[in-house]
Amino acid sequence: MGNSSSNHLGIPPGKGPEAVGCTDIMVDHGVQGSFFRLYYPCQKTDRAENPDWIPSREYFTGLADFMKINRTLSEGIFNYLYGSFKIPAFLDAPFKQNAKYPVIIFSHGLGAFRTLYSAVCVELASQGFIVASVEHRDESASATYYFRQKSESERANETASKQCGAGPESLVKEWMYYRPLQQGENEFTLRNKQVKHRADECILALEKLTQLNSGISLHNILQTQFDLSTLENSMDLCRIAIMGHSFGGATVVKALSKEQKFKCGVALDAWMFPLEDETFPQVKQPLFFINSEKFQWAGNISRMRKLDSPVAQRKMITIRGTVHQSFPDFTFLTGNWIGRLMKLKGEIDPELAINLCNRATLAFLQRHLGLDRNFDQWDPLIDGQDENLIEGTNITLLQSAI
């Protein structure tokens, strides 16, 4: 494992006052259960370690499938480039129980998974949020897993229990990889079905957090060292937001239309194609679109404009010099040459771009969750008031498209 050039590359740590812990939670072992990475304010501890950015090699396999490249060859390349990186959070560190924290549910993009947006999630947790980064099981993640019950023959063979990995010995880990569009298949039909599934998974993750907050005992299939009972009475469930990137941005819109407990949403470079028009008038909550300069096009922006409302605030900014991959962590972990070649880096410094994104997000969350913080110092960013921001969009829309 390793990356010889990683001494000057890495995921930026949180800039807020809180130390950040993280843990994985899987409630119900089957494919219909809930699976997410939880980021949270933690107690400072010398014993905790930073988790691997890529949790296991199967995720490299999934990324290879998503990128349509050879699994065997790419696993070695991915492992060399990214295998040594850690997330700047303490694995299973004790929860800091001295406050009620607002909650954010995060939805990843197409071909991603729960750990790939740790720069955003760690920053939010360092600023005093509990963040659940859902790993979607709609076959849009490059890889994910669940558990199934062992068959009679597997139970009879004692050695089979060794391949279970994390989880009870009566269960077997089953991997689910990205499903590409089939020849002749209607893409909207598939993506619309997936976005509904994704929104339901975000709502389910919120339900599980709500149960933990109420003191209901939930069994974490993954059997981590984190004590779930410490989350009792820890969340401010009047202050809940949803956030996501790309396909996750569409998931934000869909989830807002289905669940009023989400008080506002932040969509990072949203891909609007999966959404049916009927969804748009159902979104009553404030919504913030933060776009890259190089990804958007007129048709996608015009669909964002369909969410314009005289009642609920709609805001849009564009970060200059950014590409679609300026929001996931790859942009911090890839050298300039490869980063530009693979469109993982834009012209702007990646940390500057993510700082603008995070600060604008925090200001928007303070405004619409009614937080008593100092995030309003970044209010001008919501209106694009920075030399690296554009208010609205850099895309020219024909009047007929609006």
Side-chain angles (χ1 to χ4, degrees), residues 11-22 38-42 87-89 96 99-107 117-133 234-245 248-249 252 256 262-270 285-292 312-320 322 326-329 331-332 348-391:
I11 298 164
K15 295 174 174 57
E18 304 290 352
V20 178
C22 68
L38 194 73
Y39 299 86
Y40 54 89
C42 74
I87 291 174
K96 186 176 178 182
K100 277 198 161 195
Y101 303 104
V103 174
I104 299 171
I105 306 295
F106 192 94
S107 174
Y117 297 86
S118 58
V120 173
C121 295
V122 166
E123 173 62 15
L124 293 169
S126 80
Q127 298 287 357
F129 291 83
I130 290 174
V131 185
S133 180
S234 67
M235 299 170 219
D236 187 344
L237 296 179
C238 295
R239 293 180 167 89
I240 302 165
I242 184 163
M243 188 173 182
H245 172 244
V252 165
L256 287 171
F262 294 121
K263 301 304 181 187
C264 63
V266 179
L268 308 178
D269 230 11
Q285 306 95 313
L287 182 57
F288 190 16
F289 291 104
I290 303 179
N291 294 337
S292 72
Q313 186 172 65
R314 303 284 183 258
K315 288 290 186 179
M316 182 187 298
I317 59 173
T318 300
I319 306 176
R320 296 183 191 275
T322 50
S326 293
F327 299 97
D329 296 335
T331 193
F332 307 106
I348 192 172
D349 175 76
E351 283 206 45
L352 175 57
I354 211 69
N355 284 347
L356 287 166
C357 173
N358 287 336
R359 288 171 177 178
T361 295
L362 289 165
F364 189 81
L365 294 175
Q366 171 152 325
R367 181 181 293 183
H368 295 291
L369 296 182
L371 303 175
D372 184 20
R373 308 284 180 86
N374 64 347
F375 305 151
D376 54 352
Q377 66 182 299
W378 299 311
D379 274 355
L381 301 181
I382 299 175
D383 296 313
Q385 294 179 25
D386 184 274
E387 63 182 0
N388 292 297
L389 297 177
I390 299 166
E391 184 176 10

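What you see below is based on every heavy atom in this structure, not just the backbone, and it leaves out hydrogens, waters and symmetry mates. The residues of the chain are indexed from 1 along the displayed sequence. These numbers come from a predicted model, not from an experiment.
- Considering all non-hydrogen atoms of both residues, I319 and C357 come closest at CD1-CB, 4.0 Å.
- Classified by interplanar angle (parallel below 30°, tilted 30° to 60°, perpendicular above 60°), the ring pair W378/F375 is parallel.
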*Could you go step by step and tell me if F288 and I317 meet the side-chain contact (heavy atoms from CB on, under 4.5 Å) rule?*
CA-CA 8 Å; F288 190 16; I317 59 173; 3.7 Å; yes

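- Nearest heavy atoms, P102 versus L369: CB-CD1, 4.5 Å.
- S126 places a side-chain N or O within 3.5 Å of a backbone atom of G16 that can act as its donor or acceptor partner.
- With E123 contributing its side chain and K15 its backbone, the two residues share a donor-acceptor pair below 3.5 Å.
- Shown here for A119 and N358, the closest heavy-atom pair between the two residues is O-ND2, 4.1 Å.
- Not a single donor-acceptor pair under 3.5 Å links the side chain of D236 to the backbone N or O of K100.
- Between the R239 side chain and the G370 main chain, a donor and an acceptor come within less than 3.5 Å of each other.
- Taking all atoms of both residues into account, the shortest heavy-atom contact from P88 to V122 is O-CG1, 3.7 Å.
- When L362, I382, D376 are each tested for a side-chain contact (heavy atoms from CB on, under 4.5 Å) with R367, only one passes: I382.
- The two residues S326 and I354 come nearest to each other via the heavy atoms O-CD1, 3.8 Å.
- Although no hydrogens or angles enter the test, the distance criterion places a donor-acceptor pair under 3.5 Å between the side chain of D349 and the main chain of E351.
- Checking side-chain atoms of Q285 against main-chain N and O of G265 turns up no donor-acceptor pair under 3.5 Å.
- For the atom pair T331 OG1 and I11 CD1, the distance stands at 11.5 Å (nearest 0.5 Å).
- A side-chain contact (heavy atoms from CB on, under 4.5 Å) with M316 is found for one member of I290, N291, I390 and no other, namely N291.
- Between Y117 and H245, the shortest heavy-atom contact is OH-ND1, 2.7 Å.
- Judged by distance alone, the side chain of R320 and the main-chain N or O of E387 form a donor-acceptor pair under 3.5 Å.
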